[in-house]
There are 2 protein chains.
Amino acid sequence: MGRMKVLNSPTIRRMPCYLHQLLRLRLEGHSHVSTTDLARDMDIELIVVRKDIALTGATGRRRIGYEINELIDKIKDYLGWSEMMSATLLGVGSLGSAILGYDEFNLYGLRIESVFDSDAEKIGKVIRSHEVYDISSIKQRLGYSPPDIAIICVPAANAQEVAELLVEVGIKFIWNFSNITLKVPAGVVVQREVIAGGLAMLAVKRKHYKCGNFKNIE
Amino acid sequence: MGRMKVLNSPTIRRMPCYLHQLLRLRLEGHSHVSTTDLARDMDIELIVVRKDIALTGATGRRRIGYEINELIDKIKDYLGWSEMMSATLLGVGSLGSAILGYDEFNLYGLRIESVFDSDAEKIGKVIRSHEVYDISSIKQRLGYSPPDIAIICVPAANAQEVAELLVEVGIKFIWNFSNITLKVPAGVVVQREVIAGGLAMLAVKRKHYKCGNFKNIE
DNA sequence: AAAATATTAATAAAAAAATATCTATTTGGG
DNA sequence: CCCAAATAGATATTTTTTTATTAATATTTT
(Lines give C-alpha, C1' and ligand atoms only; values in the text may rest on other atoms or scores of the structure.)
Protein backbone atom coordinates (compact mmCIF):
# COMPACT_ATOMS: atom_id res chain seq x y z
CA MET A 1 0.00 0.00 0.00
CA GLY A 2 2.75 2.47 0.91
CA ARG A 3 2.25 6.15 1.59
CA MET A 4 -0.87 7.41 -0.07
CA LYS A 5 -0.18 10.14 -2.59
CA VAL A 6 -2.27 13.07 -1.62
CA LEU A 7 -1.45 16.21 -3.53
CA ASN A 8 -1.07 15.81 -7.27
CA SER A 9 -1.67 19.17 -8.87
CA PRO A 10 -2.49 18.19 -12.43
CA THR A 11 -4.87 15.52 -11.17
CA ILE A 12 -6.59 17.93 -8.82
CA ARG A 13 -7.05 20.42 -11.61
CA ARG A 14 -8.59 17.77 -13.80
CA MET A 15 -11.07 16.68 -11.14
CA PRO A 16 -13.59 19.48 -11.75
CA CYS A 17 -13.70 18.41 -15.40
CA TYR A 18 -14.59 14.86 -14.49
CA LEU A 19 -17.14 16.14 -12.03
CA HIS A 20 -18.73 18.32 -14.65
CA GLN A 21 -18.94 15.50 -17.15
CA LEU A 22 -20.35 13.11 -14.55
CA LEU A 23 -23.02 15.58 -13.51
CA ARG A 24 -23.98 15.94 -17.14
CA LEU A 25 -24.14 12.20 -17.67
CA ARG A 26 -26.28 11.82 -14.56
CA LEU A 27 -28.62 14.51 -15.82
CA GLU A 28 -28.90 12.61 -19.09
CA GLY A 29 -30.08 9.60 -17.11
CA HIS A 30 -26.95 7.46 -17.09
CA SER A 31 -26.18 5.42 -14.01
CA HIS A 32 -22.74 4.05 -14.92
CA VAL A 33 -19.76 5.16 -16.97
CA SER A 34 -16.53 3.47 -18.00
CA THR A 35 -13.18 5.17 -18.04
CA THR A 36 -13.04 4.32 -21.72
CA ASP A 37 -16.07 6.49 -22.34
CA LEU A 38 -14.84 9.28 -20.09
CA ALA A 39 -11.48 9.36 -21.83
CA ARG A 40 -13.06 9.52 -25.27
CA ASP A 41 -15.67 12.11 -24.39
CA MET A 42 -13.27 14.32 -22.49
CA ASP A 43 -10.30 13.95 -24.80
CA ILE A 44 -8.00 12.88 -22.00
CA GLU A 45 -5.68 9.89 -22.23
CA LEU A 46 -7.34 6.72 -20.95
CA ILE A 47 -4.51 5.94 -18.60
CA VAL A 48 -4.63 9.39 -17.10
CA VAL A 49 -8.34 9.00 -16.42
CA ARG A 50 -7.77 5.60 -14.80
CA LYS A 51 -4.98 6.93 -12.60
CA ASP A 52 -6.96 9.98 -11.57
CA ILE A 53 -10.05 7.98 -10.67
CA ALA A 54 -8.04 5.38 -8.83
CA LEU A 55 -6.75 8.18 -6.58
CA THR A 56 -10.25 9.04 -5.46
CA GLY A 57 -10.70 5.51 -4.14
CA ALA A 58 -13.73 4.75 -6.30
CA THR A 59 -14.05 1.15 -7.46
CA GLY A 60 -15.63 0.08 -10.69
CA ARG A 61 -17.08 -3.12 -12.06
CA ARG A 62 -15.48 -4.78 -15.03
CA ARG A 63 -17.40 -4.38 -18.25
CA ILE A 64 -19.81 -2.03 -16.43
CA GLY A 65 -17.66 0.85 -15.30
CA TYR A 66 -18.18 3.11 -12.32
CA GLU A 67 -21.42 4.03 -10.68
CA ILE A 68 -21.81 7.71 -11.47
CA ASN A 69 -23.27 8.71 -8.13
CA GLU A 70 -20.52 6.97 -6.22
CA LEU A 71 -17.84 8.49 -8.42
CA ILE A 72 -19.25 11.97 -7.95
CA ASP A 73 -19.18 11.50 -4.20
CA LYS A 74 -15.65 10.14 -4.25
CA ILE A 75 -14.39 13.05 -6.31
CA LYS A 76 -16.13 15.54 -4.06
CA ASP A 77 -14.59 13.86 -1.03
CA TYR A 78 -11.19 13.92 -2.64
CA LEU A 79 -11.50 17.64 -3.31
CA GLY A 80 -13.02 18.45 0.04
CA TRP A 81 -16.16 19.62 -1.71
CA SER A 82 -18.53 17.35 0.16
CA GLU A 83 -19.29 19.97 2.74
CA MET A 84 -19.96 23.59 1.80
CA MET A 85 -17.18 26.18 1.93
CA SER A 86 -18.24 29.68 2.81
CA ALA A 87 -16.62 32.52 0.91
CA THR A 88 -16.42 36.28 0.72
CA LEU A 89 -15.81 38.12 -2.53
CA LEU A 90 -13.71 41.28 -2.68
CA GLY A 91 -14.27 43.55 -5.64
CA VAL A 92 -17.32 43.36 -7.88
CA GLY A 93 -15.86 44.67 -11.09
CA SER A 94 -16.52 42.73 -14.24
CA LEU A 95 -14.53 39.69 -13.14
CA GLY A 96 -15.99 39.76 -9.63
CA SER A 97 -19.54 39.81 -10.89
CA ALA A 98 -18.74 37.08 -13.40
CA ILE A 99 -17.62 34.89 -10.53
CA LEU A 100 -20.64 35.91 -8.50
CA GLY A 101 -22.84 34.82 -11.38
CA TYR A 102 -21.15 31.49 -11.88
CA ASP A 103 -23.92 29.23 -10.62
CA GLU A 104 -21.88 26.10 -10.87
CA PHE A 105 -19.84 27.02 -7.80
CA ASN A 106 -22.74 25.75 -5.74
CA LEU A 107 -22.12 22.30 -7.15
CA TYR A 108 -18.50 22.73 -6.15
CA GLY A 109 -19.31 23.34 -2.54
CA LEU A 110 -18.71 27.08 -2.63
CA ARG A 111 -21.18 29.52 -1.18
CA ILE A 112 -20.37 33.21 -1.54
CA GLU A 113 -21.92 34.74 1.54
CA SER A 114 -20.75 38.33 1.39
CA VAL A 115 -19.48 40.83 -1.14
CA PHE A 116 -17.30 43.88 -0.53
CA ASP A 117 -16.11 46.76 -2.67
CA SER A 118 -14.58 50.17 -2.07
CA ASP A 119 -16.37 51.95 -4.91
CA ALA A 120 -19.03 54.29 -3.51
CA GLU A 121 -21.02 53.73 -6.70
CA LYS A 122 -21.39 50.06 -5.86
CA ILE A 123 -21.69 50.05 -2.08
CA GLY A 124 -25.26 49.40 -1.01
CA LYS A 125 -26.31 48.21 -4.45
CA VAL A 126 -27.49 44.66 -4.96
CA ILE A 127 -25.47 42.76 -7.57
CA ARG A 128 -26.65 39.29 -8.50
CA SER A 129 -28.73 39.17 -5.33
CA HIS A 130 -25.81 40.11 -3.10
CA GLU A 131 -25.75 43.43 -1.30
CA VAL A 132 -22.37 45.08 -1.75
CA TYR A 133 -20.81 46.15 1.56
CA ASP A 134 -18.19 48.78 2.16
CA ILE A 135 -14.77 47.14 2.38
CA SER A 136 -14.05 49.24 5.45
CA SER A 137 -16.75 47.35 7.32
CA ILE A 138 -15.20 43.95 6.68
CA LYS A 139 -13.68 43.48 10.12
CA GLN A 140 -16.90 44.34 11.84
CA ARG A 141 -18.94 42.11 9.55
CA LEU A 142 -16.70 39.04 9.30
CA GLY A 143 -14.35 39.35 12.24
CA TYR A 144 -16.41 37.30 14.66
CA SER A 145 -16.49 34.25 12.38
CA PRO A 146 -14.52 34.55 9.16
CA PRO A 147 -15.59 32.55 6.11
CA ASP A 148 -13.51 29.64 4.88
CA ILE A 149 -12.06 31.40 1.88
CA ALA A 150 -11.81 34.84 0.30
CA ILE A 151 -11.85 35.61 -3.41
CA ILE A 152 -9.84 38.66 -4.42
CA CYS A 153 -11.05 40.34 -7.60
CA VAL A 154 -9.88 43.89 -6.92
CA PRO A 155 -7.43 45.70 -9.20
CA ALA A 156 -3.76 44.88 -8.73
CA ALA A 157 -3.12 48.23 -7.08
CA ASN A 158 -5.44 47.42 -4.15
CA ALA A 159 -4.90 43.70 -3.84
CA GLN A 160 -2.14 43.78 -1.23
CA GLU A 161 -4.03 46.00 1.19
CA VAL A 162 -7.15 43.90 0.76
CA ALA A 163 -5.12 40.77 1.48
CA GLU A 164 -3.85 42.37 4.69
CA LEU A 165 -7.39 43.14 5.77
CA LEU A 166 -8.35 39.53 5.11
CA VAL A 167 -5.47 38.28 7.21
CA GLU A 168 -6.57 40.55 10.04
CA VAL A 169 -10.07 39.17 9.78
CA GLY A 170 -8.63 35.70 10.21
CA ILE A 171 -9.04 34.25 6.74
CA LYS A 172 -6.63 31.43 5.97
CA PHE A 173 -7.35 30.65 2.31
CA ILE A 174 -7.28 33.23 -0.44
CA TRP A 175 -8.15 32.72 -4.08
CA ASN A 176 -6.29 35.51 -5.81
CA PHE A 177 -7.44 36.68 -9.23
CA SER A 178 -5.44 39.90 -9.08
CA ASN A 179 -2.29 39.86 -11.09
CA ILE A 180 0.21 40.31 -8.29
CA THR A 181 2.02 38.17 -5.76
CA LEU A 182 0.41 38.70 -2.37
CA LYS A 183 2.59 38.89 0.70
CA VAL A 184 0.88 37.04 3.54
CA PRO A 185 2.08 35.59 6.84
CA ALA A 186 2.97 31.93 7.14
CA GLY A 187 -0.12 29.83 7.62
CA VAL A 188 -2.17 31.75 5.09
CA VAL A 189 -2.52 29.95 1.77
CA VAL A 190 -2.87 31.91 -1.46
CA GLN A 191 -3.98 30.28 -4.67
CA ARG A 192 -3.11 32.56 -7.53
CA GLU A 193 -5.20 32.36 -10.66
CA VAL A 194 -3.24 33.47 -13.69
CA ILE A 195 -5.75 33.75 -16.49
CA ALA A 196 -3.04 34.72 -18.95
CA GLY A 197 -1.39 31.35 -18.34
CA GLY A 198 -3.81 29.67 -20.70
CA LEU A 199 -3.22 32.32 -23.31
CA ALA A 200 0.50 31.71 -22.97
CA MET A 201 -0.02 28.01 -23.62
CA LEU A 202 -2.13 28.74 -26.67
CA ALA A 203 0.36 31.26 -28.00
CA VAL A 204 3.28 28.87 -27.65
CA LYS A 205 1.37 26.12 -29.38
CA ARG A 206 0.55 28.54 -32.17
CA LYS A 207 4.19 29.58 -32.47
CA HIS A 208 5.26 25.95 -32.87
CA TYR A 209 2.45 25.30 -35.29
CA LYS A 210 3.64 28.17 -37.44
CA CYS A 211 7.17 26.83 -37.33
CA GLY A 212 5.89 23.52 -38.66
CA ASN A 213 6.72 21.76 -35.43
CA PHE A 214 3.61 19.72 -34.75
CA LYS A 215 5.32 17.22 -32.54
CA ASN A 216 4.91 19.14 -29.34
CA ILE A 217 1.39 20.43 -29.89
CA GLU A 218 -1.23 18.89 -27.65
CA MET B 1 23.89 21.37 -27.20
CA GLY B 2 21.32 18.60 -27.66
CA ARG B 3 17.67 19.02 -28.44
CA MET B 4 16.39 22.31 -27.15
CA LYS B 5 13.50 21.90 -24.77
CA VAL B 6 10.64 23.83 -26.19
CA LEU B 7 7.33 23.14 -24.50
CA ASN B 8 7.35 23.04 -20.72
CA SER B 9 3.83 23.70 -19.50
CA PRO B 10 4.44 24.83 -15.93
CA THR B 11 7.16 27.14 -17.14
CA ILE B 12 4.97 28.62 -19.84
CA ARG B 13 2.22 29.27 -17.33
CA ARG B 14 4.66 31.05 -15.05
CA MET B 15 5.95 33.30 -17.82
CA PRO B 16 3.09 35.82 -17.68
CA CYS B 17 3.81 36.29 -13.98
CA TYR B 18 7.43 37.14 -14.66
CA LEU B 19 6.37 39.42 -17.45
CA HIS B 20 3.94 41.23 -15.19
CA GLN B 21 6.53 41.68 -12.49
CA LEU B 22 9.14 42.89 -14.97
CA LEU B 23 6.76 45.43 -16.48
CA ARG B 24 6.07 46.71 -13.00
CA LEU B 25 9.74 46.97 -12.15
CA ARG B 26 10.39 48.83 -15.38
CA LEU B 27 7.59 51.21 -14.61
CA GLU B 28 9.17 51.82 -11.23
CA GLY B 29 12.34 52.86 -13.02
CA HIS B 30 14.51 49.78 -12.58
CA SER B 31 16.82 48.76 -15.37
CA HIS B 32 18.11 45.44 -14.03
CA VAL B 33 16.85 42.65 -11.82
CA SER B 34 18.42 39.53 -10.38
CA THR B 35 16.72 36.16 -10.17
CA THR B 36 17.28 36.40 -6.42
CA ASP B 37 15.02 39.44 -6.28
CA LEU B 38 12.46 37.97 -8.65
CA ALA B 39 12.25 34.79 -6.60
CA ARG B 40 11.78 36.69 -3.36
CA ASP B 41 9.25 39.16 -4.69
CA MET B 42 7.24 36.57 -6.54
CA ASP B 43 7.41 33.83 -3.95
CA ILE B 44 8.75 31.29 -6.42
CA GLU B 45 11.74 29.05 -5.69
CA LEU B 46 14.98 30.63 -6.84
CA ILE B 47 16.01 27.64 -8.87
CA VAL B 48 12.69 27.56 -10.67
CA VAL B 49 13.12 31.20 -11.66
CA ARG B 50 16.64 30.53 -12.90
CA LYS B 51 15.58 27.53 -14.96
CA ASP B 52 12.61 29.35 -16.43
CA ILE B 53 14.65 32.36 -17.44
CA ALA B 54 17.44 30.23 -18.85
CA LEU B 55 14.86 28.69 -21.19
CA THR B 56 14.08 32.06 -22.71
CA GLY B 57 17.70 32.43 -23.74
CA ALA B 58 18.26 35.65 -21.82
CA THR B 59 21.73 36.12 -20.37
CA GLY B 60 22.48 38.01 -17.22
CA ARG B 61 25.54 39.60 -15.70
CA ARG B 62 26.96 38.26 -12.48
CA ARG B 63 26.26 40.42 -9.49
CA ILE B 64 24.07 42.65 -11.68
CA GLY B 65 21.28 40.44 -12.92
CA TYR B 66 19.32 40.66 -16.13
CA GLU B 67 18.53 43.73 -18.13
CA ILE B 68 14.79 44.14 -17.71
CA ASN B 69 14.10 45.28 -21.25
CA GLU B 70 16.01 42.39 -22.72
CA LEU B 71 14.32 39.90 -20.42
CA ILE B 72 10.88 41.21 -21.33
CA ASP B 73 11.69 40.82 -25.01
CA LYS B 74 13.07 37.33 -24.52
CA ILE B 75 9.98 36.22 -22.61
CA LYS B 76 7.68 37.70 -25.23
CA ASP B 77 9.64 35.93 -27.94
CA TYR B 78 9.47 32.68 -26.04
CA LEU B 79 5.70 33.01 -25.72
CA GLY B 80 5.17 34.22 -29.25
CA TRP B 81 3.82 37.49 -27.90
CA SER B 82 6.23 39.70 -29.78
CA GLU B 83 3.81 40.21 -32.62
CA MET B 84 0.12 40.89 -32.06
CA MET B 85 -2.43 38.07 -32.17
CA SER B 86 -5.84 38.99 -33.44
CA ALA B 87 -8.83 37.50 -31.67
CA THR B 88 -12.59 37.24 -31.78
CA LEU B 89 -14.70 36.88 -28.66
CA LEU B 90 -17.83 34.74 -28.59
CA GLY B 91 -20.36 35.50 -25.91
CA VAL B 92 -20.42 38.75 -23.94
CA GLY B 93 -22.00 37.55 -20.75
CA SER B 94 -20.34 38.53 -17.52
CA LEU B 95 -17.20 36.51 -18.17
CA GLY B 96 -16.97 37.65 -21.76
CA SER B 97 -17.18 41.30 -20.84
CA ALA B 98 -14.67 40.77 -18.04
CA ILE B 99 -12.22 39.45 -20.60
CA LEU B 100 -13.09 42.25 -22.97
CA GLY B 101 -12.29 44.72 -20.23
CA TYR B 102 -8.98 43.15 -19.29
CA ASP B 103 -6.66 45.85 -20.57
CA GLU B 104 -3.53 43.89 -19.89
CA PHE B 105 -4.16 41.57 -22.83
CA ASN B 106 -2.73 44.30 -25.03
CA LEU B 107 0.58 43.84 -23.28
CA TYR B 108 0.29 40.15 -23.98
CA GLY B 109 -0.02 40.65 -27.70
CA LEU B 110 -3.74 39.97 -27.87
CA ARG B 111 -6.08 42.27 -29.73
CA ILE B 112 -9.76 41.43 -29.62
CA GLU B 113 -11.05 42.67 -32.95
CA SER B 114 -14.62 41.45 -33.01
CA VAL B 115 -17.32 40.36 -30.61
CA PHE B 116 -20.28 38.08 -31.27
CA ASP B 117 -23.32 37.03 -29.31
CA SER B 118 -26.64 35.37 -30.05
CA ASP B 119 -28.69 37.37 -27.55
CA ALA B 120 -30.93 39.86 -29.37
CA GLU B 121 -30.69 42.13 -26.34
CA LYS B 122 -26.95 42.49 -26.87
CA ILE B 123 -26.60 42.45 -30.67
CA GLY B 124 -25.93 45.94 -31.99
CA LYS B 125 -25.06 47.31 -28.57
CA VAL B 126 -21.58 48.60 -27.85
CA ILE B 127 -19.89 46.85 -24.93
CA ARG B 128 -16.52 48.18 -23.82
CA SER B 129 -16.15 49.98 -27.13
CA HIS B 130 -16.86 46.85 -29.16
CA GLU B 131 -20.00 46.57 -31.23
CA VAL B 132 -21.66 43.21 -30.63
CA TYR B 133 -22.40 41.34 -33.85
CA ASP B 134 -24.94 38.61 -34.44
CA ILE B 135 -23.25 35.23 -34.23
CA SER B 136 -25.05 34.19 -37.39
CA SER B 137 -23.05 36.77 -39.31
CA ILE B 138 -19.70 35.34 -38.27
CA LYS B 139 -18.90 33.53 -41.51
CA GLN B 140 -19.66 36.57 -43.56
CA ARG B 141 -17.66 38.85 -41.28
CA LEU B 142 -14.60 36.70 -40.57
CA GLY B 143 -14.62 34.09 -43.31
CA TYR B 144 -12.40 35.97 -45.70
CA SER B 145 -9.57 36.32 -43.18
CA PRO B 146 -10.10 34.63 -39.85
CA PRO B 147 -8.39 36.02 -36.74
CA ASP B 148 -5.58 34.10 -35.09
CA ILE B 149 -7.58 32.88 -32.13
CA ALA B 150 -11.14 32.72 -30.83
CA ILE B 151 -12.22 33.07 -27.22
CA ILE B 152 -15.33 31.09 -26.31
CA CYS B 153 -17.31 32.55 -23.40
CA VAL B 154 -20.76 31.26 -24.29
CA PRO B 155 -22.74 28.98 -21.96
CA ALA B 156 -21.85 25.30 -22.03
CA ALA B 157 -25.04 24.46 -23.91
CA ASN B 158 -24.00 26.53 -26.93
CA ALA B 159 -20.25 26.02 -26.86
CA GLN B 160 -20.06 23.06 -29.24
CA GLU B 161 -22.10 24.68 -31.98
CA VAL B 162 -20.08 27.87 -31.67
CA ALA B 163 -16.87 25.84 -31.92
CA GLU B 164 -18.17 24.27 -35.12
CA LEU B 165 -18.89 27.68 -36.59
CA LEU B 166 -15.36 28.75 -35.71
CA VAL B 167 -13.88 25.74 -37.43
CA GLU B 168 -15.92 26.53 -40.51
CA VAL B 169 -14.61 30.08 -40.46
CA GLY B 170 -11.10 28.66 -40.47
CA ILE B 171 -9.96 29.40 -36.93
CA LYS B 172 -7.18 27.13 -35.70
CA PHE B 173 -6.73 28.17 -32.07
CA ILE B 174 -9.54 28.30 -29.56
CA TRP B 175 -9.35 29.49 -25.95
CA ASN B 176 -12.28 27.74 -24.34
CA PHE B 177 -13.77 29.16 -21.14
CA SER B 178 -16.93 27.10 -21.40
CA ASN B 179 -17.06 24.14 -19.13
CA ILE B 180 -17.23 21.40 -21.73
CA THR B 181 -14.86 19.41 -23.88
CA LEU B 182 -15.09 20.70 -27.43
CA LYS B 183 -14.98 18.26 -30.31
CA VAL B 184 -12.91 19.75 -33.10
CA PRO B 185 -11.16 18.29 -36.15
CA ALA B 186 -7.47 17.45 -36.05
CA GLY B 187 -5.37 20.52 -36.62
CA VAL B 188 -7.53 22.76 -34.46
CA VAL B 189 -6.03 23.43 -31.04
CA VAL B 190 -8.27 24.02 -28.03
CA GLN B 191 -6.94 25.44 -24.81
CA ARG B 192 -9.46 24.79 -22.09
CA GLU B 193 -9.55 27.15 -19.15
CA VAL B 194 -10.92 25.45 -16.07
CA ILE B 195 -11.48 28.20 -13.53
CA ALA B 196 -12.66 25.70 -10.95
CA GLY B 197 -9.23 24.06 -11.10
CA GLY B 198 -7.80 26.71 -8.83
CA LEU B 199 -10.68 26.30 -6.42
CA ALA B 200 -9.99 22.58 -6.38
CA MET B 201 -6.37 23.22 -5.45
CA LEU B 202 -7.38 25.57 -2.69
CA ALA B 203 -9.99 23.17 -1.36
CA VAL B 204 -7.56 20.28 -1.25
CA LYS B 205 -4.98 22.38 0.56
CA ARG B 206 -7.64 23.39 3.03
CA LYS B 207 -8.68 19.78 3.55
CA HIS B 208 -5.10 18.81 4.36
CA TYR B 209 -4.68 21.84 6.56
CA LYS B 210 -7.71 20.82 8.56
CA CYS B 211 -6.34 17.31 8.88
CA GLY B 212 -3.18 18.77 10.36
CA ASN B 213 -1.14 17.66 7.39
CA PHE B 214 0.90 20.74 6.62
CA LYS B 215 3.64 18.87 4.84
CA ASN B 216 2.05 19.01 1.44
CA ILE B 217 0.75 22.53 1.56
CA GLU B 218 2.72 24.81 -0.72
C1' DA C 1 45.57 44.71 -4.71
C1' DA C 2 43.46 41.06 -2.26
C1' DA C 3 39.48 39.14 -0.13
C1' DA C 4 34.68 38.64 0.31
C1' DT C 5 30.31 38.25 -1.75
C1' DA C 6 26.45 38.03 -4.78
C1' DT C 7 25.14 36.15 -8.74
C1' DT C 8 24.95 33.58 -13.21
C1' DA C 9 25.47 29.25 -15.25
C1' DA C 10 26.30 24.47 -15.79
C1' DT C 11 25.73 19.82 -14.16
C1' DA C 12 23.60 16.24 -11.44
C1' DA C 13 20.05 14.13 -8.67
C1' DA C 14 15.46 13.47 -7.09
C1' DA C 15 10.63 13.71 -7.37
C1' DA C 16 6.43 13.93 -9.87
C1' DA C 17 3.60 12.84 -13.68
C1' DA C 18 2.51 10.61 -17.79
C1' DT C 19 2.59 6.56 -20.47
C1' DA C 20 2.99 1.69 -21.45
C1' DT C 21 2.37 -3.13 -20.39
C1' DC C 22 0.30 -6.90 -18.48
C1' DT C 23 -3.12 -9.64 -15.73
C1' DA C 24 -7.40 -10.99 -14.02
C1' DT C 25 -12.18 -10.93 -14.07
C1' DT C 26 -16.78 -9.91 -15.23
C1' DT C 27 -20.21 -9.88 -18.49
C1' DG C 28 -22.66 -10.66 -22.81
C1' DG C 29 -23.22 -13.54 -26.76
C1' DG C 30 -23.22 -17.82 -28.85
C1' DC D 1 -22.18 -23.52 -20.21
C1' DC D 2 -18.26 -21.84 -22.67
C1' DC D 3 -15.84 -18.30 -25.23
C1' DA D 4 -14.50 -13.78 -26.48
C1' DA D 5 -14.42 -9.01 -25.61
C1' DA D 6 -14.15 -5.27 -22.59
C1' DT D 7 -12.36 -3.18 -18.74
C1' DA D 8 -10.63 -2.58 -13.87
C1' DG D 9 -6.48 -2.74 -11.56
C1' DA D 10 -1.67 -3.57 -10.75
C1' DT D 11 3.08 -2.96 -12.06
C1' DA D 12 6.82 -1.05 -14.71
C1' DT D 13 8.96 2.39 -17.63
C1' DT D 14 9.76 6.75 -19.52
C1' DT D 15 9.44 11.53 -19.60
C1' DT D 16 8.96 15.85 -17.44
C1' DT D 17 9.65 18.95 -13.77
C1' DT D 18 11.70 20.32 -9.69
C1' DT D 19 15.40 20.58 -6.56
C1' DA D 20 20.28 20.31 -5.26
C1' DT D 21 25.19 20.95 -5.98
C1' DT D 22 29.09 22.99 -7.73
C1' DA D 23 31.97 26.11 -10.36
C1' DA D 24 32.96 30.40 -12.43
C1' DT D 25 33.10 35.31 -12.39
C1' DA D 26 32.13 40.12 -11.99
C1' DT D 27 31.57 43.55 -8.52
C1' DT D 28 32.17 45.53 -4.04
C1' DT D 29 34.63 46.07 0.16
C1' DT D 30 38.63 46.29 2.89
Side-chain angles (χ1 to χ4, degrees), chain A residues 1-15 17-18 30-68 70-71 74 78 197 200-201 204-205 208 215-218, chain B residues 1-15 17-18 30-68 70-71 74 78 197 200-201 204-205 208 215-218:
Chain A
M1 202 178 220
R3 195 174 83 85
M4 198 178 73
K5 177 63 187 309
V6 276
L7 214 166
N8 176 330
S9 312
T11 296
I12 292 169
R13 290 184 166 276
R14 281 190 295 267
M15 288 297 176
C17 302
Y18 297 124
H30 295 85
S31 65
H32 291 78
V33 67
S34 69
T35 49
T36 319
D37 290 343
L38 278 179
R40 191 196 49 241
D41 295 345
M42 301 182 63
D43 207 23
I44 299 179
E45 283 295 321
L46 177 59
I47 300 165
V48 174
V49 178
R50 291 239 172 100
K51 283 268 171 185
D52 287 346
I53 284 177
L55 268 180
T56 67
T59 51
R61 289 167 60 199
R62 290 160 209 263
R63 277 191 71 98
I64 296 287
Y66 294 83
E67 214 213 315
I68 290 180
E70 187 206 333
L71 193 46
K74 289 285 188 182
Y78 180 79
M201 288 295 292
V204 171
K205 286 174 183 170
H208 288 217
K215 222 172 61 183
N216 284 306
I217 297 181
E218 289 189 303
Chain B
M1 203 177 216
R3 197 173 81 85
M4 198 178 75
K5 178 64 187 307
V6 277
L7 215 166
N8 176 330
S9 313
T11 296
I12 291 169
R13 289 185 165 275
R14 280 190 295 267
M15 287 297 175
C17 302
Y18 297 124
H30 296 85
S31 65
H32 291 78
V33 68
S34 69
T35 49
T36 318
D37 290 343
L38 279 177
R40 190 196 50 241
D41 295 344
M42 301 182 63
D43 207 24
I44 299 179
E45 283 296 321
L46 177 59
I47 300 164
V48 173
V49 178
R50 293 242 169 98
K51 283 273 171 182
D52 287 346
I53 285 177
L55 267 181
T56 67
T59 51
R61 289 168 59 199
R62 289 158 209 266
R63 272 192 80 97
I64 297 287
Y66 295 81
E67 214 213 315
I68 289 180
E70 188 206 332
L71 194 45
K74 287 286 187 181
Y78 180 81
M201 288 295 293
V204 170
K205 285 174 183 170
H208 289 216
K215 220 172 61 183
N216 284 306
I217 299 182
E218 284 191 309

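Each chain gets a letter, A, B and so on, in the order the sequences are listed, and its residues count up from 1. Since this is a predicted model, take the numbers as computed values, not measurements.
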Roughly how far, to the nearest 0.5 Å, is [atom2] of [Y] from [atom1] of [X]?
X	Y	atom1	atom2	result
B:Tyr66	B:Thr35	OH	OG1	5.5 Å
A:His32	A:Arg61	NE2	CZ	5.5 Å
B:Leu38	B:Asp52	CG	CG	10.5 Å

Rounded to whole angstroms, how far apart are [atom1] on [X] and [atom2] on [N]?
X	N	atom1	atom2	value
B:Leu55	C:dT8	CG	C1'	15 Å
B:Glu70	C:dT8	CD	C1'	13 Å
A:Leu46	C:dA18	CG	C1'	13 Å
A:Ile47	C:dC22	CD1	P	12 Å
A:Ile53	D:dA10	CD1	P	14 Å
A:Met201	D:dT16	CE	C1'	13 Å
A:Lys74	D:dG9	NZ	C1'	15 Å
A:Arg13	C:dA18	CZ	C1'	17 Å

Please name the pair of heavy atoms, one in B:Ser9 and one in A:Met201, separated by the smallest distance, quoted to 0.1 Å.
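Smallest interatomic distance, heavy atoms only, reads OG-CE, 3.8 Å.
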
So, do A:Met15 and B:Val204 sit near enough that their side-chain heavy atoms are less than 4.5 Å apart?
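No; the side chains remain at least 4.5 Å from each other.
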
Residue pair B:Met42 / B:Val49, side-chain heavy-atom distance below 4.5 Å
no

For D:dC3, the Watson-Crick or wobble counterpart (both distances under 3.5 Å):
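Base partner found: C:dG28.
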
Strictly below 4.0 Å: does [X] bring a side-chain N or O up to OP1 or OP2 of [N]?
X	N	answer
B:Arg50	C:dT8	yes
B:Thr35	C:dT8	yes
A:Arg14	C:dA18	yes

Can A:Thr36 and A:Arg50 be said to form a side chain to side chain contact (heavy atoms under 4.5 Å, CB included), step by step?
CA-CA 9 Å; A:Thr36 319; A:Arg50 291 239 172 100; 4.2 Å; yes

Does anything in residues 59-67 of chain B reach DNA chain D, meaning a heavy atom under 4.0 Å, and if so which residues?
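The answer is B:Arg61, B:Arg62, B:Arg63, B:Ile64.
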
Between the base of C:dT8 and the side chain of B:Lys51, is there any donor-acceptor pair under 3.5 Å?
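Answer no: no donor N or O sits under 3.5 Å from an acceptor.
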
